[in-house]
Amino acid sequence: MAKTKDSGVEERPQWDNKIQYLLTCIGFAVGLGNVWRFPYLCQIYGGGAFLIPYLIALVFEGLPLLYLELAIGQRLRKGSIGVWNSISPLLGGVGIASMVVSFLVSNFYNTIMAWVLWYFFHSFQNPLPWSVCPLNEEHTGYVTECEKTSPVNYFWYRQTLNITPDIETSGSVQWWLVICLASAWSIVFICFIKGIKSMGKAVYVTATFPYLVLTIFLIRGLTLPGATDGLTYLFTPDWEILKNPRVWLDAATQIFFSLSVAFGGLIAFSSYNEERNNCERDALVVGIINSATSLYASIPVFSILGFKARTAYNNCLQDNILTLTNHFELPDQNMTLENYDDQFRYLQNKYPDEIAKLPLLDCNLQTYLDESASGTGLAFIAFTEAVIEMPGSQVWAVLFFIMLFSLGLSSMFGNIEGVLTPIYDLKLVPKWIPNQVVTGLVCLVSFAMSLIFSLESGNYWVEVFNNYVGSVPLLVIAFFEIVGVAYVHGMKNFSEDIYFMTGSKPSIFWKMCWMVISPLLLLGVFVAYVIVQAQTYPTYPAWNATKEPFPGNETLFYPNWVFAIIILLCVVPVVPIPLVALCRLISRAMGKTSTSARSDPNPYTNDAFEIEPQEPKHREA
Amino acid sequence: MWDDNEMFLFRSTVAYAMRRQLPGQQFSVPNIVVCNETARVSFWFVVMSPDMGSLIPKQQVEKAVRMSRGRINSAFMLTDHTLEFIGIAPTLASPYTPDTPPWLIVFGVVMGVVVAGIIFLVGSSVVQKKRKKKQKSTDNNAEVNEEHSAVNEGVYNMSFTDEERITRI
């Protein structure tokens, strides 16, 4: 083995078996968004009707991109930077952009993992800490902020985040979040300690466990009262909504971000495959399983949200029953949930004046169902509230948070891979440093950077990163990826590559998608996205603890310096693309041999046959 | 089911509470006077002094009920939420706070396992590398092994395979 190292190409790690590879890709694609973003989108965009734009986007945008990344990684057997350098030195910036995006995303994503861990650690006590309000200092009553909102909100905003009223007030570093962050990064490190050997074993658990828990929640959720309310609410199609272009935009972006393309992780994973592997089937499997998981996850999520709405509605009615029983001195249990409407109408007809004076609550099931939540609001507020009402709350809480953690961990693997593989490709580290040290250093640097998110204003920064790093740069990278492969590398070359790997050339459908449909779709989505974002000055929901009369969310505008940071976050990952192209053009114009392909022979493309570097299509002549 | 026996129990618990509050005075059931009973199970009650001469002032009764609230509740297996004395707010029981927060215990367990795992894995790979180095320096058959793995010597130049496919004979 040592001799191959001397020739300049070291052996590439390989997957133990195909299942590991597929599970890793599926785990990377299936993440938190499948559980807390897709059901929310389904709900606000007219239930079943949303599936139409979603599936169209999957077929014409998601699957072609996925197939392209898996194929190019498997063929060129390098990480994202190496792959784009091989296709054309001018496109080398695409790989660097992927690496920067992966690094930034892994930082805030692991912060969410730290929050999940925090909740997981707290699920082992009775009563659950987010079910009761703590007493104030004099023990005369509950803490005001908790009383006015709810114990669940208080636990999230105060005891977990200790959030400041706006993003400008930074506050101090919260020690408990720091140690949760440390645990999250340590767990990522231990899974990555032997590269894909250890990670490949970890994914057996992290990729499959969520499905087990989802099934358990499905069975439990469907047996809860009120589950049918949630499910009918979710799936009732509202066909009118398809006329709203926003729906199509959100479907396209959801598919795109859900599949985790353009991070470079998928390219890295498929580069560890053996050469002749049917990547078309892999892409179809991963893409379809990802969407199926979203659909599958929305059923237990909405059963449980329906249960939560029904319980809140019942509690509201019970409060009214108590008020009425006390006022009219009715015998106990005379008025129940079943006969509430009849009795209420009777009382209203008989004593309309007295009824008008009573402080009766307006109980409407639809209002509770409409309280849609996505993202951290779904996981840490809505779901935790529902879990309190279920018998055996601790078990459900533990299961739920382990599921969230393994969903996120398998996605973190892809992000970290998107950072590590380019480091090895770029040969940034000398050979004598073992891989573990490099991995450890990357984890350490990321941990240090994510300490920003453990400030009191950390949640606001996570929102900033989530909305801006994880959106626009990815669209740009994906656009250049598809154009780079379809036009710079050439569809003819690419078809030959695929024929070599799978034994059959890609069908006309794939070619049409890669050459025309997907780039146009991506361009359209990008333009529409930018237009929608540029229409309004960006705002964010801030938690104001001292707002009168009730503390709660208020929408604030981002201050100017934060806006500048947002622009930076959108632009900095994308800047390498034109920058590298410019540098390479300049150095080529000056006649220097700048491409790394000369000094580091890529065994799969022999540049000696390149007649004119600008037209790599003639490479085979 | 609320009936006269339950009312009797209630009056005796209030008498007990009065005895605790004002020690020395022998309150008993006839001293607790109940009126305005409704089907709702709500009623008014006043407390007379043991010699049935004077009414006990409201504050004293309130104090007595507050002090013995727990006993009154448990006599009926009710709680502060289900048995209400209008005008007497329930005293909040301070929640049980253990000395070490339980979440730190779980955190300690998880981190302990992770750190032990890291040390084990890193240590085992270091040990393996040292063993390999020893083997290489003392193993004379290294060349033989490498001859067998001739397939891995050098690198297969892919650009020629494409040509072979095109020029089918």
Side-chain angles (χ1 to χ4, degrees), chain A residues 1-4 7-9 11 75 117-127 129 132-135 139-142 176 179-180 182-183 186-187 189-190 193-194 198 275 325-326 328-332 334 434-436 440 493 496-497 499-500 601-609 619-620, chain B residues 1-2 36-43 81-82 84 86 89 91-98 101-111 113-122 124-126 129 136 142-143 145-146 149-163 165-166:
Chain A
M1 294 300 152
K3 291 217 170 156
T4 46
S7 69
V9 178
E11 95 191 28
R75 183 71 183 92
L117 272 183
W118 165 263
Y119 269 80
F120 170 71
F121 292 151
H122 276 87
S123 304
F124 287 97
Q125 40 191 139
N126 185 28
V132 286
C133 274
L135 297 178
H139 286 241
T140 56
Y142 298 117
W176 56 88
I179 65 177
C180 288
S183 345
S186 316
I187 297 179
F189 176 58
I190 196 180
I193 215 167
K194 295 214 165 162
S198 53
E275 285 227 290
T325 321
N326 278 343
F328 289 107
E329 305 282 350
L330 303 168
D332 213 15
N334 207 0
N435 291 352
Q436 281 98 321
N493 282 345
E496 292 292 328
D497 293 335
Y499 177 70
F500 171 70
N602 186 348
Y604 307 105
T605 48
N606 189 331
D607 286 343
F609 286 87
R619 210 180 287 140
E620 285 176 336
Chain B
M1 259 324 298
W2 188 260
N36 276 5
E37 272 197 66
T38 65
R40 170 76 184 91
V41 194
S42 75
F43 45 82
H81 289 289
T82 38
E84 191 186 355
I86 299 182
T91 47
L92 304 163
S94 57
Y96 167 65
T97 40
W103 75 272
L104 275 178
I105 300 176
V106 184
F107 165 75
V109 167
V110 169
M111 276 308 275
V113 168
V114 169
V115 169
I118 291 178
I119 294 177
F120 169 70
L121 284 171
V122 170
S124 71
S125 65
V126 165
K129 272 192 184 163
K136 270 189 191 166
E143 286 124 18
N145 282 339
E146 281 168 19
S149 57
V151 159
N152 293 317
E153 273 198 10
V155 180
Y156 201 64
N157 190 328
M158 289 299 154
S159 25
F160 287 99
T161 55
D162 297 332
E163 273 193 52
R165 239 187 292 122
I166 295 169

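On a predicted model such as this, the values are computed, not experimentally measured, just so you know. Naming convention: chains lettered A, B, ... in sequence-line order (proteins, then strands); numbering from 1 in each chain.
For the residue pair B:Ile118 and A:Ser186, the shortest heavy atom distance occurs at CD1-O, 4.1 Å. The shortest non-hydrogen separation linking A:Gln125 to B:Pro102 is NE2-CG, 3.4 Å.
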Trace of the side chain to side chain contact (heavy atoms under 4.5 Å, CB included) decision for A:Phe121 with B:Val110: CA-CA 9 Å; A:Phe121 292 151; B:Val110 169; 3.9 Å; yes
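If you measure heavy-atom distances from A:Phe328 to chain B, you find no contacts under 4.5 Å at all. Contact of A:Ile193 with chain B is made through the side chain alone, with heavy-atom distances under 4.5 Å.
Applying the side chain to side chain contact (heavy atoms under 4.5 Å, CB included) rule to B:Leu104 yields the partners A:Ile179, B:Pro101, B:Phe107; only residues at least two apart in sequence or on another chain are considered. By the side chain to side chain donor-acceptor pair (under 3.5 Å) test, B:Ser125 pairs with A:Gln436, sequence neighbours left out.
By the neighbour-count criterion of 12 heavy atoms within 6.0 Å, atom CZ of B:Phe120 is sparsely surrounded, having that number or fewer from other residues, nucleotides or ligands.
For the set A:Phe124, A:Phe120, A:Trp118, the count of heavy-atom pairs under 4.5 angstrom toward chain B peaks at A:Trp118.
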